[in-house]
Amino acid sequence: MELIATIDQNEYQLKVEQLGDHRFRVNINGVDHEVDCMEVMEDLYSMIHHERSYDVHVHHGKKGHIETHFYDDSFHVEVVDPMQKILDQAMGGGGKGPAALEAAMPGLVQRILVKEGDEVAMDQGLLVLVAMKMENELGSPKAGVVKEIRVKEGDNVESGAVLITIE
Amino acid sequence: MELIATIDQNEYQLKVEQLGDHRFRVNINGVDHEVDCMEVMEDLYSMIHHERSYDVHVHHGKKGHIETHFYDDSFHVEVVDPMQKILDQAMGGGGKGPAALEAAMPGLVQRILVKEGDEVAMDQGLLVLVAMKMENELGSPKAGVVKEIRVKEGDNVESGAVLITIE
Amino acid sequence: MFKKVLIANRGEIAIRVIRCLREHGIQSVAVYSDPDRDSLAVRYAHQAVHLPGNTSAETYMDIEKVLDAAKRTGCEAIHPGYGFLSEKAEFSQACRDAGIAFIGPHPESISSMGDKTTARELMIKAGVPVTPGFQNENGDRREALQAAQEMGFPVMIKASAGGGGKGMRRVDRAEDFLSNYDMAASEAKSAFGDDRIYIEKFIQNPRHIEVQIACDKHGNAIHLAERECSVQRRHQKVVEEAPSPAVTPEMRAKIGEIAIQAALAVNYDSVGTIEFLMDKDNNFFFMEMNTRLQVEHPVTEWITGVDLVRLQLQIAAGEKLPFSQDDITITGHSVECRVYAEDPEKNFMPSPGKITSLLTPSGLGVRDDSGVYPGYEVPIYYDPMISKLTTWGRDREEAILRMSRALGEYRVGGIKTNLWFHRALMQHPAWLAADLDTAFIERHPELLHKGLDEGHIEPALIAAAIKHYKTEARRGAAGPDEQTQNSSQWKAGARLAVMRYRSL
Amino acid sequence: MFKKVLIANRGEIAIRVIRCLREHGIQSVAVYSDPDRDSLAVRYAHQAVHLPGNTSAETYMDIEKVLDAAKRTGCEAIHPGYGFLSEKAEFSQACRDAGIAFIGPHPESISSMGDKTTARELMIKAGVPVTPGFQNENGDRREALQAAQEMGFPVMIKASAGGGGKGMRRVDRAEDFLSNYDMAASEAKSAFGDDRIYIEKFIQNPRHIEVQIACDKHGNAIHLAERECSVQRRHQKVVEEAPSPAVTPEMRAKIGEIAIQAALAVNYDSVGTIEFLMDKDNNFFFMEMNTRLQVEHPVTEWITGVDLVRLQLQIAAGEKLPFSQDDITITGHSVECRVYAEDPEKNFMPSPGKITSLLTPSGLGVRDDSGVYPGYEVPIYYDPMISKLTTWGRDREEAILRMSRALGEYRVGGIKTNLWFHRALMQHPAWLAADLDTAFIERHPELLHKGLDEGHIEPALIAAAIKHYKTEARRGAAGPDEQTQNSSQWKAGARLAVMRYRSL
């Protein structure tokens, strides 16, 4: 399997092969690394590579992002299939087209700060969501015009719900 | 489901019904008990019964035996289906017929203390098994004659292996 | 001593109290809301009474329901923990009226200290130094603005009834005052059922130093040294330690004496905390008194060997303090890291969900006060703190090194936590040098960036590649319904989310 | 201080050492046998070197392989833990020859103390009281029997090279002597590679009291008070405490001084333990010296605040003792329960297998030194101890109450453990009264019977009924291949077993 990974804007070409029950060969930028990688608990890998031992917790973040937590260090790795990468580039990246403000966690809509038709700046507060005893002011994903407000004050919303769309 | 349970030689008639996701009705000797019983981890039940709370770990022992571990107390409960009980009684119980000495854990046969044809008493040492750094002398399951010795000194045996039969 | 006690709380503090009750042969009664049916508190208590509902207001803050549960189960006393009803004078009063012991101070001391104006006046009278401030009794926003302008910006807006950072905001400019005032009042209303606001002069770069005191019902009072809680995020403590590296034995004796005076001024009769701000010239200003057990009490327990919850029980049962001031000696140093289900990279946004795997550290000098277990779902209705990790060492250095080690062992799967932030903090030169103030995190934004050691880039790439490989392999094997990568129900819906999050 | 250290051990003690190394910025190198690939020690160490094989002899006790791993990874020192190579003088010597620091005493002191005859003679010379005994140097069984008859039965048969109860047997009658001698010699051979036997007069109903000492390479020596380890099963300690409830401050000063004399007699230069038997008239008899860290060292760490592993490292690195005798003060009381994968109802028979779920206790005054995690399979090749649970309290009563509480929270799924035995013990009147001797468990067989509280019969029946119901429901849903009730591979085969087990 071939992949492109990014850490801190540095891009790496990866190739993964499984050699045995817990043996893998990972090629990084043309260099092969054979590792002994046991999944000792869900998403917790005990990795031995050239007699160096890493107890690494791998955690899926947003799409394609993998957090790797070591004993004393943590990294964000963005992993994509090369095909996906080409597709994304063909789409011209983000920034254009409509955008939706979604709830990343369930909560109560306490106040709506805009009306449909309002012009808003990037990051301008659109809505206050109460979740886990904190008020979270949600900012606009882009500059534009408020197209549709799909919730009203007092609504309980589920995670992932589209709250407001911006055009 | 109807069951017969035994604790310390006292027998209880039980009936179990599931009422909901984590609601059960258990009838003990004719008296109904409605309990809220959530399996919070594998084999770990959080049970609420008349507002009394029990954090009870249930653990399968040998066939039909269930160990129940509470915060500050533990019990052995033997549970059988009534049909099984009748069957067992019809068989006339244990004590007669041939019996096998089996290994309850894997280990190394260090010494065999008897020969085929030997007369042995109940609990007389038949064999020394080394497991987990301890020597364990295994006693005869019944009085009788050594019929067959199926292992030799130096053998590594798996758990459940029949080592010696007694008739 | 009491035979049966109800705990009017949830989470790790309910566990803390139940543990103490268990140790002393006292029956414990937990109360639980709908989402807390599977909580550790329910599991560890002798009895568990259901309070139907999800929100705090419907459950843990409903005085009538809580008292009713205590009466029905025959409890002689109620422990309020922290938060919820712990600093409600009317609850202490209602317990008194019902003939149930409140494990906390008498209602008059709570109201005196809970009301910032009264507390201020009492403190000034008792000779305790205070910061300039203004209590907005009538809710007139314009009057509040005027007071703020008089004391000069920056000012702090606080909930009068509050604590724990809720409804608290710093305002630097007059033009931002009113909008912040409204939001604070609204948060105060929903958190405490009381929207009164207190305005206070903001002291630049202060350290947060607080003194633990204990007073019995017989006029005896002692202090148990101070804690420093300068490392805060969102105006809430996130790392605490005892003793404070900035306090000398002479200063300790002095602020200990001031703290005892402050408590005696309200005839205090429980354990409590006097919070001070300390400026760069080592001046102390009384901030407030917390008339309850503090979240961070374990660091004091480490260095004094005193079980503060047991002490609370003894005092509430009418016993005399079992220690005199001379019995209290400080041994070594202790540090606490609050472990939150939150994302430090997104301004510490809460991250509720199911804990898919959990490994907690232990060993010499390590204590973890947790309210969770593997498979537990961190609910969305309450504070996202999942545990308090504390360490002890013979000196500050050993305590910090031990904390680094313990944080390394701490593994939480399924949700985001601030563990990696704490690990970065424990290695930060300014922290190691104890160069602290309450704006520490804002001053050191580098703490919020992952990836310290270049030597880990290769293994990080390898682990991520294998994770991706395994996920794809599983996806291939599973049907389309099972292709969700995250096991939490909350996370599942969030995969496509593009939510933007901004600090308040 | 060293920059990199190899740990020639496994299980909880390897973790204990790695934790200390991590705290002090020292790189750790683990070695691991085939079954230990997934061990916590491998996971927590910076480096991990594979020693192919399953048994101790092939791996952790293979001096050449271990030294080779240390050299290849560039280690400056080796920590041997306890057991395995820790008391092999030739290993200490081999380290010295290889220019690697052995974190333990010099080889001469190990051989002097490891040989019971030499040790006895040295102790008699140093004025330390000893028990009558006989070293059977030439392996003549008849000569050993004659010596036993001369000192009078009962006698103890011990492995000369031994420790930890292995190859140890009490013999009450002359006619049982030879068969026991043979079995002990054979166990000694396989455990220590040395079948020499030592015969000792058996002291009736003694208490086991041991003194922790520490000596540096500069002639300084201190003691860190005593531990009592009278509660034993199969001649192995199972519960320990510090200080001993039977030792007064005067006795402590006296035996502390004797212990220091004993250590100085062999120019000891590490931490170590002098074990005594104490008879009913408070007479002490030197039993042996353990020239290594003890399993039960955490109880001493709790009451003194001293990190004994750190102290070992400092001494091995040539540093002077950082404390004088006057710096060592005893605060409170500590108790340790060894948690074993074993079945107390079947004479503590080991119960290896997969740990399907795990909840470990924590909170004030609780420390768990564990070598396992959920999902880990306790291997069949090594000692079945899975953790050491220790508690601290201001006095013995508080430490014991806290232990009861902690044991209640401790949950291990999938294998049998002795946790319920410890719970029963902690409530036993004779234990609470500290009426102890090394035959405590034999004297109190009621400890091995479950079911203390009649009030729990009903919930036990309910839980068992629901468990049976759920198992049958799952069995109905699953195919015939999946009907195994136990998830462990070892357990699966044991369902039909009728194995009879008898004590040796």
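Fair warning: this is a prediction, and the values are worked out from it, not measured in the lab. Letters go in sequence order (proteins before strands), and every chain restarts at 1.
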First locate atom [atom1] of [X], then atom [atom2] of [Y], and finally report the distance between them rounded to the nearest 0.5 Å.
X	Y	atom1	atom2	result
Glu345(C)	Ser74(A)	CD	OG	9.0 Å
His59(A)	Thr417(C)	NE2	OG1	8.5 Å
Asp81(A)	His468(C)	CG	NE2	4.5 Å
Leu3(A)	Leu461(C)	CG	CG	10.5 Å
Lys450(C)	Thr68(A)	NZ	OG1	8.0 Å

For atom [atom1] of [X], decide whether the heavy atoms of other residues, nucleotides or ligands shown that lie under 6.0 angstrom number more than 12.
X	atom1	answer
Lys470(C)	NZ	yes
Asp21(A)	CG	no
Glu446(C)	CD	yes
Gln427(C)	CD	yes

What part of [X] lies closer than 4.5 angstrom to a heavy atom of chain C: side chain, backbone, both or neither?
X	value
Phe75(A)	both
Gln18(A)	both
Val56(A)	both
Phe70(A)	both

Just wondering, do [Y] and [X] contact through their side chains at under 4.5 Å, heavy atoms?
X	Y	value
Pro459(C)	Arg52(A)	no
Arg405(C)	Tyr71(A)	yes
Ile457(C)	Tyr12(A)	yes
Leu359(C)	Leu44(A)	yes
Val35(A)	Ile466(C)	yes
His57(A)	Trp420(C)	no
His69(A)	Leu419(C)	no

*Can any side-chain N or O of Arg111(A) pair as donor or acceptor with the backbone N or O of Met183(C) at less than 3.5 Å?*
no

*If only atom types and distance count, is the side chain of Arg411(C) paired as donor or acceptor with the main-chain N or O of Asp55(A) below 3.5 Å?*
yes

*Look at Val162(A), Leu14(A), Asp73(A), Leu108(A) and state which one has the largest set of heavy-atom pairs under 4.5 Å with chain C.*
Asp73(A)

*Pick whichever of Val16(A), Leu126(A), Val77(A) has the most heavy-atom pairs under 4.5 Å with chain C.*
Val16(A)

_Assess whether a salt bridge exists between Lys354(C) and Glu42(A), defined as any Lys/Arg side-chain N lying under 4.0 Å from an Asp/Glu carboxylate O._
no

*Asp43(A) and Lys467(C) ion-paired at < 4.0 Å*: yes

*Scan side-chain atoms only and decide if Glu458(C) and His49(A) contain a donor-acceptor pair under the 3.5 Å cut-off.*
no

*Please assess Asp72(A) against His456(C) for the test side chain to side chain contact (heavy atoms under 4.5 Å, CB included), listing each intermediate value before the final yes or no.*
CA-CA 10 Å; Asp72(A) 47 12; His456(C) 276 148; 3.4 Å; yes

*For residues Ile462(C) and His33(A), report the shortest heavy-atom separation together with the two atoms involved.*
CD1-CB, 4.0 Å

